[in-house]
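In this chain, numbering begins with 1 at the start of the sequence shown.
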Amino acid sequence: GDGFVVVFAEHGWVQIVDGDQILEVLPPGSTVRIDTAAGRYAIPRTPICHVWPPPDEPEQLATAIRKAVTVGPSRTLQQDETFGVRQLADVALKALSPGINDPTTAQDALFHMGALVRELLDRRPIERVRTEGDKTLIAPQLPTPQDLVELAFDEVRVAAAGAPTVLIYLLEILQLVRDSLDSSEHSDAVDALTRQAALVAEIGERSDLPPADHERVSRAFSSRFG
């Protein structure tokens with residue numbers, strides 16, 4: 001079954017989930033599935049985690065687990081690695097908006113985005129299952145490489161549909177990040193970047209652009225991703 005559910009007692013942004021502390025307070029032989037992550041919003045009475053088998057002292061365990069999860073009024077960069085990605089995407093989206101139309105600022109934000117995404121993708125794979133003795137922690141909500149790439153580029157790609165030069169910037173950034181990674185160690189990340197590049201090329205094909213601009217985007221994709 002679902003076991004024992006620990007729920008939030010307050011609302012706000014999840015800033016830290018201390019997996020070490022949660023494992024420490026678990027009863028022997030327990031498994032916990034974390035149902036939130038840093039950067040998610042907490043609403044009272046929604047799950048922090050599920051624990052099974054149900055503990056003998058549920059309220060004591062719930063209190064201890066809540067102390068391992070920090071909730072605050074805003075997102076922070078301490079454990080929320082997607083927050084910086086979201087901020088840079090917002091800068092690029094604002095620059096691409098019709099009211100502002102500043103592709104130079106969008107370009108700058110996107111190349112900074114590429115550097116940040118590359119750093120995040122190049123880290124060792126996130127542990128979604130941890131075992132300490134006879135205790136197990138499962139964290140399925142942690143972002144995957146695909147999640148990071150989509151967060152960074154999906155909305156920007158759509159917003160840049162009518163800006164072929166920006167689409168070509170995106171293809172360049174995706175190639176640079178892909179080529180900087182060891183494909184044997186980061187195959188999921190390389191696949192996610194390649195899929196995103198194909199979507200950029202598709203946007204270029206479907207956009208209402210002059211034939212010469214369609215050709216520019218298509219040529220940029222072919223030369224970089226073949």
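- Nearest heavy-atom pair, T36 versus Q141, reported as atom, atom and distance to 0.1 Å: O-CB, 3.7 Å.
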Q) When you look at V177 and I173, which way does the side-chain contact (heavy atoms from CB on, under 4.5 Å) test go after all the steps? A) CA-CA 6 Å; V177 176; I173 292 163; 4.3 Å; yes

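- Side-chain atoms of E10 do not come within 3.5 Å of backbone N or O of V71 as any donor-acceptor pair.
- Looking only at side-chain heavy atoms (C-beta outward), D18 and V69 stay at 4.5 Å or farther from each other.
- In this structure, a donor-acceptor pair under 3.5 Å is present between the side chains of Q196 and R157.
- Of the possible polar contacts, none joining the D90 side chain to the Q87 backbone as a donor-acceptor pair under 3.5 Å is found.
- Between the side chains of T165 and R216, at least one donor-acceptor pair of N or O atoms lies under 3.5 Å.
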Q.
Walk me through whether T136 and V32 qualify under side-chain contact (heavy atoms from CB on, under 4.5 Å).
A. CA-CA 6 Å; T136 301; V32 59; over 6 Å; no

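- Judged purely by atom type and a 3.5 angstrom limit, K135 has no side-chain atom pairing as donor or acceptor with the backbone of P27.
- No donor-acceptor distance shorter than 3.5 angstrom exists from the side chain of S222 to the backbone of R219, with no hydrogens or angles considered.
- The distance from atom CD of Q15 to atom CZ of R75, rounded to the nearest 0.5 Å, is 11.0 Å.
- Neither I16 nor L26 shares a network with the other; the hydrophobic side chains, linked directly or stepwise wherever heavy atoms of I, L, V, M, F, W or Y lie under 4.5 Å apart, form separate groups for each.
- The distance from atom CZ of F221 to atom CD of E205, rounded to the nearest 0.5 Å, is 8.5 Å.
- The two residues A38 and D80 make their nearest non-hydrogen contact at O-OD1, 3.6 Å.
- Of all heavy-atom pairs spanning A89 and A152, the tightest one is CB-O, 4.2 Å.
- Summarising the local packing, CD of Q78 is surrounded by 12 or fewer heavy atoms from other residues, nucleotides or ligands at distances under 6.0 Å.
- Side-chain contact between L121 and H186 is absent, with no heavy atoms from C-beta onward closer than 4.5 Å.
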Q. What's the verdict on side-chain contact (heavy atoms from CB on, under 4.5 Å) for E24 and E132, showing C-alpha distance, side-chain angles and the deciding distance?
A. CA-CA 9 Å; E24 184 177 337; E132 297 287 343; over 6 Å; no

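- Contact annotation: the side chain of V51 never approaches that of T31 to less than 4.5 Å [non-hydrogen atoms, C-beta and beyond].
- The two atoms that bring L167 and A161 nearest to each other are CD1-O, 4.1 Å, heavy atoms only.
- Judged purely by atom type and a 3.5 angstrom limit, S97 uses its side chain to pair as donor or acceptor with the backbone of K94.
- At a threshold of 4.5 Å between side-chain heavy atoms, the hydrophobic network of Ile, Leu, Val, Met, Phe, Trp and Tyr places L142 and L137 in two separate groups.
- With a 4.5 Å cut-off on side-chain heavy atoms, L193 and L181 count as touching.
- Under the 4.5 Å side-chain contact rule for hydrophobic residues, I138 and V6 do not share a cluster.
- No side-chain heavy atom of T104 sits under 4.5 Å from any side-chain heavy atom of D108.
- Salt bridge status for E155 with R86: present, with a side-chain N to carboxylate O gap under 4.0 Å.
- Hydrophobic clustering, with ILVMFWY side chains joined whenever heavy atoms are under 4.5 angstrom apart, groups V25 together with F8.
- To the nearest 0.5 Å, the span separating CG on L110 from CZ on F153 amounts to 7.0 Å.
- Side chains of L96 and N101 form no contact here, defined as non-hydrogen atoms less than 4.5 Å apart.
- Judged by distance alone, the side chains of T144 and D147 do bring a donor and an acceptor atom under 3.5 Å apart.
- In terms of modelled atom types and a separation under 3.5 Å, the side chain of H214 and the main chain of S207 share a donor-acceptor contact.
- Counting only distance, with no hydrogens or angles, the side chain of R66 and the backbone of V7 share a donor-acceptor pair below 3.5 Å.
- When all heavy atoms of G3 and P54 are compared, the pair lying nearest together is CA-CG, 4.3 Å.
- Between the side chain of H50 and the backbone N or O of D35 there is no donor-acceptor pair closer than 3.5 Å.
- Heavy atoms from other residues, nucleotides or ligands lying under 6.0 Å from CG of D208 number 12 at most.
- By the 4.0 Å N-to-carboxylate-O rule, D179 lies too far from R118 to be salt-bridged with it.
- Not a single donor-acceptor pair under 3.5 Å links the side chain of R33 to the backbone N or O of A139.
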Q: Determine, stepwise, if the pair I34 / V17 fulfils side-chain contact (heavy atoms from CB on, under 4.5 Å).
A: CA-CA 9 Å; I34 307 298; V17 179; 4.1 Å; yes

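- For F4 against P55, the heavy-atom pair with the smallest separation is CB-CD, 3.4 Å.
- S187 places no side-chain N or O within 3.5 Å of a backbone atom of S183 that could act as its donor or acceptor partner.
- At least one side-chain heavy atom of L23 sits less than 4.5 Å from a side-chain heavy atom of R130.
- Distance CG/L199 to CZ/R195: 9.0 Å, rounded to 0.5 Å.
- Atom CD1 of I168 sits about 11.5 Å away from atom CD of Q107, to the nearest 0.5 Å.
- Residues P140 and R128 form no side-chain contact, since every pair of their non-hydrogen atoms from C-beta on lies 4.5 Å or further apart.
- Taking hydrophobic clusters as Ile, Leu, Val, Met, Phe, Trp and Tyr residues chained together by side-chain heavy-atom distances below 4.5 Å, L174 shares a cluster with L93.
- Here the straight-line distance linking atom CD1 of I22 with atom CG of L61 works out to 9.5 Å at 0.5 Å rounding.
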